[in-house]
Amino acid sequence: MPQDIYDKIMMLAKRRGFIYPSFEIYGGVAGFYDYGPLGSRLKLNIENLWRKFYILQDNCIEINTPTITLYEVLKASGHVNEFTDLTIDCKKCKQSYKVEDILENISVAEAIKKNKIKCPNCSTELKDAYPVNLMFSTKIGIGNARDAFLRPETAQGIFIDFHLLYRYAREKLPFGVIQVGRGYRNEVSPRQGIIRLREFSMAEAEVFIDPGEKTHPDFKKVKDKKLNLYDNINQINLSVEKAVKTKVINNQALAYYMYLTQEFLFSAGVDPKKFRFRKHADNERAHYATECWDAELFSERFGWIECVGIADRSAYDLQSHIDSSGKDMYALRKYDKPKTVEVKKIIPKMSELGPLFMGKAGKIKTILEDIELKDTKKITVNLDGQTVEIPKNCYEIVETKEKKFGEKFVPHVIEPSYGIDRILYCIIEHSFYEGEKKGEDYKILKFNPIIAPIKVGVLPLTSDERLVNIANEIDRSLRNAGIETYYDDGGSIGRRYARMDEVGTPFCITIDHDSISDKTVTIRDRDTTKQIRKKIEEVTSFIKEKISS
RNA sequence: GCGGGUAUGAUCUAGUGGUUAUGAUAGUGGCUUCCCAAGCCACUUGCCCGGGUUCAAAUCCCGGUAUCCGCACCA
């Protein structure tokens, strides 16, 4: 079978210490991969470049929350319900189906009662339906253990800290919070190697904005930049501003983060020709999203791969957590001048309420006090799912004047969510070049220096002790300057260049006999193989400049 | 999950029911050479796991696992 680019990359990745299949000596497990020495380094560099965009450029704050997440959190977020498919199997051919796919329009309960549904494949009767949840579940503690899941996204950890983060951000919107970490999804059958993992790395930003002004302070700076958009039919190239004006993209904030994403991916080494934004159709959006764009990267093996999702989650998550935890997670929109407003307030009469509602009277009192009064004809209260009318003699309505400094609201959230492993794979694929030297295959990973796991190869031309000493000194001074080096004195010089090219090292410093007399070395560029001579004392600053641009 | 193909050192690969299981690449040590995978010598690493058939299984059969292709799944 002819090897395609994926096979070649996975071969190289395993051989050179980028990516290994996990648990291999015990047979391996689908959906899990280890990052080897170079892979870990590459991943770290990509994540740190991402942080540069979000922390330094966009002024986001970073937090870290547990990967084990309490049941209540994911119940509130909708993941427990929405992540669950009711599944049913055929007795004979063992085919599994989502119940909703077989039923159409009939309620699940009704269908189970009748139980006459046959397998669409072999017409045999089906077994009982059972729920399948794509989250890994676990327990916290022993005995009176609490239910928990391994988080399917890092976002919820940010949402449930919102009230604290809002305070940290000095109660001003917009502000963004990022988290880089692992997420877990118990995929039914992961294929496509590193593209679909059960444990994966993601980098997410949750940007909290005022729903009244869905924009970004830096929008003006990017408004004329071009975005490469795809609406499921046509490829269109629009400026950020025009995309918003023509309502192709819903709002300025969303468009801003799309541009930021594009800029990040390009500087990480994504080929602009293999990049596009695709808008989610109505039926493929997640349960929390009102609008979602995917940044897709093209792979010769897998086609267009979703690598970043940029969603407008509206107020969905914060509102859900407010509703189920009761915590005040609102933001305040301050008025320019305090407003004096007439307020009608309900004053509960406990002497009447108490005897009438007994134990529930206290709860009714707090609800009544919070009601925003518009219609005074009939006061009803939602009590444990039941609507209860409160008799008129149980309360008094008082009109007062109050000074209001602002109004409370639930912020909206723009969420750019990056699949690090997929991006990493695509960057390797986009950086992979193959040629021939003297009849042998010659592979080069043309990594952008900023993400290359090794920045500089340090190579003494011969094993002459004087050259080795100089090489060691240069190696030391580069490392002291924070630059990853690889010292190699084994084999011919050509072989050593080839080794460095194959792992994407952008520069090689070669110490030759002239280095002894005139204190210079050659610096070789990976992509051109051209060499220039530099004074040894200038090497570190020269390299430093080259790898940061 | 279903159906089909595949599984031999770190990587690629030859091979047969029966001696010590090929070859190449890579790697290590040594000699030699030194600016783009040169050469020589020596060395290291392997038949996916479990069960069965057989005097004998890496080879045949069954099950599992992984992987590839198609279907389904991918909030």
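Order of the sequence lines sets the chain letters (A, B, ...), proteins ahead of strands, with each chain counted from 1. Remember, it's a predicted structure, so these values are computed and weren't measured experimentally. In what follows, every heavy atom counts, from backbone to side chain, and hydrogens, waters and symmetry copies are set aside.
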Run the salt bridge (charged side-chain N to carboxylate O under 4.0 Å, His left out) test against A:R466 and tell me which residues pass, sequence neighbours left out. A:D464

A:A481 meets the side-chain contact (heavy atoms from CB on, under 4.5 Å) criterion, sequence neighbours left out, with A:I483, A:T540, A:K544

Who passes side-chain contact (heavy atoms from CB on, under 4.5 Å) against A:T505, sequence neighbours left out? A:I454, A:M500, A:V503

Can you tell me which stems involve RNA chain B, if a stem is defined as three or more consecutive Watson-Crick or G-U wobble pairs, both distances under 3.5 Å? B:1-7 with B:65-71, B:10-12 with B:23-25, B:27-31 with B:39-43, B:48-52 with B:60-64

Quick one, which residues of residues 513-527 of chain A touch RNA chain B with a heavy atom under 4.0 Å? A:T522, A:R524

Nucleotides 10-12 of chain B: which of its N/O atoms have a protein N/O under 3.5 Å away?
residue	atom	partner	partner atom	Å
B:U11	OP1	A:K14	NZ	2.5

Tabulate protein N/O versus nucleotide N/O from nucleotides 38-40 of chain B, keeping only pairs under 3.5 Å, one per line.
residue	atom	partner	partner atom	Å
B:A38	OP1	A:R495	NH2	2.9
B:A38	OP2	A:S492	OG	2.4

Could you work out, with side-chain contact (heavy atoms from CB on, under 4.5 Å) as the rule, every residue matching A:D512, not counting sequence neighbours? A:L461, A:D514, A:S515, A:T522, A:R533

Check salt bridge (charged side-chain N to carboxylate O under 4.0 Å, His left out) between A:K446 and all other residues, then give those that pass, not counting sequence neighbours. none

Could you list all the salt bridge (Lys or Arg N to Asp or Glu O under 4.0 Å) pairs where at least one residue sits in residues 9-20 of chain A, not counting sequence neighbours? A:K14-A:E24, A:R15-A:E502, A:R16-A:E502

Contacts of A:T138 that satisfy side-chain contact (heavy atoms from CB on, under 4.5 Å) - sequence neighbours left out: A:I68, A:A148, A:L150

Applying salt bridge (Lys or Arg N to Asp or Glu O under 4.0 Å), which residue pairs with at least one partner in residues 410-425 of chain A are found, sequence neighbours left out? A:R313-A:E415

